[in-house]
There are 2 protein chains.
Amino acid sequence: MELHRFYSSLAIRNDRKIVVLLIDGLGGLSHEDYGYKTELEYANHPNLDRLASRGATGMLTPVLPGVTPGSGPAHLALFGMDPIAFNIGRGVLEALGIGIVMDPTDVLARGNFCTVDDTGAIIDRRAGRISTRTCEERLSLLRDIRVPGCDIELHAVRDHRFVLRMKGNDLDGAIDNTDPGRVGAKPAPAAALTRRSEATAGYVNAFVDQALDRLKGNSPANALVLRGFSMLPKIPGFYELYGLRSAALAIYPMYKGLARAVGMDILNCGDAFADQLRTLETHWESYDYFFIHYKYTDSCGEDGDFLSKVRHIELLDSSIGPLVGLEPAVLAVTGDHSTPAALKSHSWHPIPLLLVSPTCRRDGSTTFTESVCARGGLGTMESKYLMGLLLAHALRLETFGA
Amino acid sequence: MELHRFYSSLAIRNDRKIVVLLIDGLGGLSHEDYGYKTELEYANHPNLDRLASRGATGMLTPVLPGVTPGSGPAHLALFGMDPIAFNIGRGVLEALGIGIVMDPTDVLARGNFCTVDDTGAIIDRRAGRISTRTCEERLSLLRDIRVPGCDIELHAVRDHRFVLRMKGNDLDGAIDNTDPGRVGAKPAPAAALTRRSEATAGYVNAFVDQALDRLKGNSPANALVLRGFSMLPKIPGFYELYGLRSAALAIYPMYKGLARAVGMDILNCGDAFADQLRTLETHWESYDYFFIHYKYTDSCGEDGDFLSKVRHIELLDSSIGPLVGLEPAVLAVTGDHSTPAALKSHSWHPIPLLLVSPTCRRDGSTTFTESVCARGGLGTMESKYLMGLLLAHALRLETFGA
């Protein structure tokens with residue numbers, strides 16, 4: 001049985017509230033410039049430490065040992081889905097990142113404008129990295145292309161990149177890239193990977209043929225390639241699975257999109273953490289589960305800025321009062337993955353987890369750091385198990401096999 | 001998706017080197033004669049301790065909690081294969097142990113000479129444990145037996161034990177034991193367990209019929225039984241999967257055979273650890289992954305010789321300098337399983353793991369012992385995940401779902 005179906009089969013309803021405070025890219029790495037401490041170990045966070053001494057700590061492995069996740073799999077795992085089974089394709093991720101609200105029947109692809117020579121062979125895979133504005137202009141040449149059988153939408157992303165969205169009945173995303181992935185080759189026709197996707201591949205080719213006609217003679221963006229054809233996986237929602245009325249407090253489109261994919265309401269909130277918490281207070285009575293996404297720690301990690309990541313952890317810590325004051329039945333503080341400043345990128349290292357609930361087995365943790373969490377009472381588990389643990393601590397799972 | 005295929009799908013190449021130092025049977029057990037310390041806790045190993053303080057520690061569960069592995073599954077797991085799915089049969093293991101270089105199309109079986117009475121019923125399952133020399137003599141009676149459809153090779157192992165190797169086209173190893181496993185029963189004809197193995201079972205019976213004729217009248221080895229019919233599992237190689245040029249520095253045939261099964265080159269080296277390290281230095285530039293097998297700790301554990309196992313750990317520690325000096329990007333020191341002197345056998349206890357790499361999250365370990373590793377920052381994971389972790393620390397895995 002799929003993991004979420006198993007947890008779902010045990011789910012019961014009550015009025016206990018669950019809050020997940022997700023600190024994006026939370027996990028860090030020992031940094032030689034800072035006494036071999038991680039960002040979380042270096043930061044001063046008395047309020048998180050106080051929570052640790054009331055709760056229990058552990059570690060989450062985002063996907064499997066050694067595997068560095070993108071945001072898609074990392075979040076789906078925290079939402080209780082197996083991140084390998086529910087892999088999100090590049091086209092869908094790109095669309096989520098610019099805030100497109102998709103249907104699971106849509107097919108999405110990531111598009112690149114490129115430059116081809118007279119024979120049609122690619123000579124620049126990024127069309128000289130045209131500006132987003134030029135990208136918009138080129139897309140406007142293509143927007144009135146009609147393809148019988150589906151509706152096509154085009155959305156600029158950045159530079160030479162755009163999203164192709166196809167809407168229709170019986171579309172299927174099992175289509176190979178038209179992007180040959182190298183200079184010197186011609187863009188390939190869209191090839192169906194299964195019988196079910198043959199019609200959709202035909203629509204793609206009908207669109208591309210017309211698009212190439214219209215782009216001809218432009219410079220440098222005189223052609224396009226598509227890749228990452230995909231559909232939003234059919235993910236059951238939190239209410240359907242667990243009877244949870246759920247809401248997300250996120251600032252970036254990508255995270256709103258991922259939360260929406262599991263059926264969360266997206267609440268409008270300001271940019272700052274304090275704004276997010278004010279929105280939380282306002283809607284406290286209307287939901288059972290809240291997902292709060294704190295983005296800045298990840299960006300600082302990506303920039304390699306150790307001290308700035310430290311400061312953003314400290315800022316969050318100093319503002320957390322209103323959340324603690326609401327006394328959720330279960331509060332989890334964790335990340336989606338590690339983004340160590342030392343690596344300037346996402347990484348595979350396990351993520352610190354802090355769980356506060358009256359049903360926690362206190363483990364003697366007195367601070368919230370990687371080294372404490374690695375020895376914490378919750379042990380190390382894959383992120384996909386967190387959802388079951390949250391439901392359990394909210395007394396929302398009945399006994400199995402009783 | 002199979003685990004190794006998943007890791008493979010993310011693998012990229014670079015020039016970072018991985019070394020696995022495998023101390024066979026490393027894990028021990030608290031011993032009442034030695035202050036309830038394990039062998040590793042009792043031993044003095046300042047160099048391993050120094051590595052621990054630069055790296056991170058954890059524990060490997062060889063197969064599943066409670067499961068004691070043989071050398072086959074224990075090693076395959078460390079090489080990234082699921083040890084339950086890629087089970088290696090007794091015949092293949094026995095053949096690997098005496099250095100037979102097999103093809104995956106061969107069928108192997110473990111043979112025993114035995115003694116039967118006038119009715120053909122077994123009265124001694126080991127033929128009085130005849131000497132290896134007598135075993136050789138009996139085999140020489142059988143070597144010119146011809147069976148149309150396949151070639152048969154016979155190799156003495158030790159005492160009454162030998163290996164039967166069948167080479168041919170379309171052979172299949174799904175054949176039941178001819179060994180009834182008890183005194184008083186007659187050897188059974190070889191029975192095909194699937195339709196595909198019917199022809200092979202026929203060849204076995206053609207061989208056995210002739211062999212029994214020739215053994216008749218000898219004493220005490222006047223018959224034979226076969227068991228553990230098996231074929232080398234079709235295991236993809238390290239280069240094909242991960243782009244790793246890999247080499248093994250092992251002394252015993254079994255470990256050379258297991259390493260060869262995943263595509264490693266087998267490097268000639270002397271018997272001592274220092275010789276192995278000299279060979280490592282010589283070939284350092286030619287490979288990306290080195291597997292160094294240190295055998296003696298396991299043998300001492302099997303003998304129940306606590307202090308001798310301690311001494312061999314200390315000997316390894318005192319000789320490890322040249323390996324550390326090569327500064328591999330990733331160095332893992334671990335075992336294939338535990339062989340506690342207190343049990344005089346392999347055991348199911350998790351195996352200490354020490355990982356040293358610039359991308360380690362230092363966990364405050366200052367010694368390398370079971371009790372430290374059990375609280376180490378890497379947590380406890382199944383051995384089959386080590387391969388992914390090694391690749392990650394060598395920055396040889398790309399982001400999943402980005």
Side-chain angles (χ1 to χ4, degrees), chain A residues 27-32 35-38 40-41 58-77 83-90 92-94 228 230 337-338 340 342-343 345-350 352 369-376 378-382, chain B residues 1-12 18 53-61 80 82 242 330 332 353 355 357-365 371-402:
Chain A
L29 200 49
S30 324
H31 200 301
E32 63 173 322
Y36 287 101
K37 290 187 170 180
T38 69
L40 188 61
E41 287 164 2
M59 278 285 188
L60 296 178
T61 297
V63 177
L64 285 179
V67 174
T68 298
S71 296
H75 276 77
L76 286 191
I84 298 177
F86 286 85
N87 194 9
I88 294 193
R90 185 73 245 175
V92 170
L93 262 187
E94 203 80 23
S230 46
H337 51 73
S338 296
L343 291 179
S345 67
H346 290 196
S347 81
W348 63 91
H349 299 85
T369 63
E370 284 88 349
S371 48
V372 164
C373 290
R375 294 168 175 76
L378 299 171
T380 297
M381 72 186 84
E382 291 172 38
Chain B
M1 195 187 316
E2 292 172 311
L3 182 67
H4 57 282
R5 297 278 171 208
F6 181 59
Y7 283 134
S8 174
S9 73
L10 303 172
I12 52 179
I18 299 169
S53 66
R54 282 173 43 199
T57 65
M59 278 286 187
L60 295 178
T61 297
D82 183 315
Y242 312 119
V330 188
L353 167 66
L355 201 70
S357 164
T359 55
C360 270
R361 186 185 275 162
R362 296 193 182 194
D363 61 0
S365 299
S371 50
V372 164
C373 290
R375 295 168 174 78
L378 298 171
T380 297
M381 70 186 80
E382 292 170 40
S383 291
K384 67 184 178 185
Y385 296 118
L386 179 66
M387 192 72 215
L389 202 61
L390 297 175
L391 291 165
H393 280 276
L395 307 181
R396 284 173 172 269
L397 289 185
E398 62 182 3
T399 304
F400 170 61

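Numbered from 1 within each chain, the chains take letters A, B, ... in sequence-line order. These numbers were taken from a predicted model, which means no experiment stands behind them.
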Exercise. Could you tell me which portion of B:Leu3 (side chain, backbone, both or neither) has an atom closer than 4.5 angstrom to a non-hydrogen atom of chain A?
Key: side chain
Exercise. Side chain from CB out, backbone as N, CA, C, O: work out which of these in B:Leu390 comes under 4.5 Å of a heavy atom of chain A, or both, or neither.
Key: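 B:Leu390 has no heavy atom closer than 4.5 Å to chain A.
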Looking at every non-hydrogen atom in both residues, tell me the closest pair between [X] and [Y] and how far apart they are.
X        : Y        : value
B:Cys360 : A:Ser30  : O-OG, 3.8 Å
A:Ala374 : B:Gly377 : CB-CA, 3.6 Å
B:Gly401 : A:Pro73  : O-CD, 3.7 Å

Self-check item: side chain to side chain contact (heavy atoms under 4.5 Å, CB included) between B:Leu10 and A:Thr68, worked out
Solution: CA-CA 10 Å; B:Leu10 303 172; A:Thr68 298; over 6 Å; no
Quiz item: Do the non-hydrogen side-chain atoms of A:Tyr36 and B:Ser53 ever get within less than 4.5 Å of each other?
Solution: no
Quiz item: Are A:Ser338 and B:Arg361 side-chain neighbours, meaning at least one heavy-atom pair lies under 4.5 Å?
Solution: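 Touching, per the 4.5 Å side-chain cut-off.
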Quiz item: Yes or no on side chain to side chain contact (heavy atoms under 4.5 Å, CB included) for A:Leu64 and B:Phe400, after CA distance, side-chain angles and deciding distance?
Solution: CA-CA 11 Å; A:Leu64 285 179; B:Phe400 170 61; over 6 Å; no
Quiz item: Where does A:Leu93 contact chain B at under 4.5 Å (heavy atoms): side chain, backbone, both or neither?
Solution: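 Just its side chain gets close to chain B.
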Practice problem: Measure distances from A:Thr380 to the heavy atoms of chain B and classify the residue's part below 4.5 Å as side chain, backbone, both or neither. | Solution: side chain
Practice problem: Please determine, among A:Thr38, A:Ile84, A:Val63, the option with the most heavy-atom pairs under 4.5 Å with chain B. | Solution: A:Ile84
Practice problem: With side chain to side chain contact (heavy atoms under 4.5 Å, CB included) as the test, would you mind laying out the steps for A:Trp348 and B:Leu397 before giving the verdict? | Solution: CA-CA 10 Å; A:Trp348 63 91; B:Leu397 289 185; over 6 Å; no
Quiz prompt | Under 3.5 Å donor-acceptor, A:His349 side chain and B:Thr359 backbone | solution =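 Confirmed, A:His349 side chain pairs with B:Thr359 backbone.
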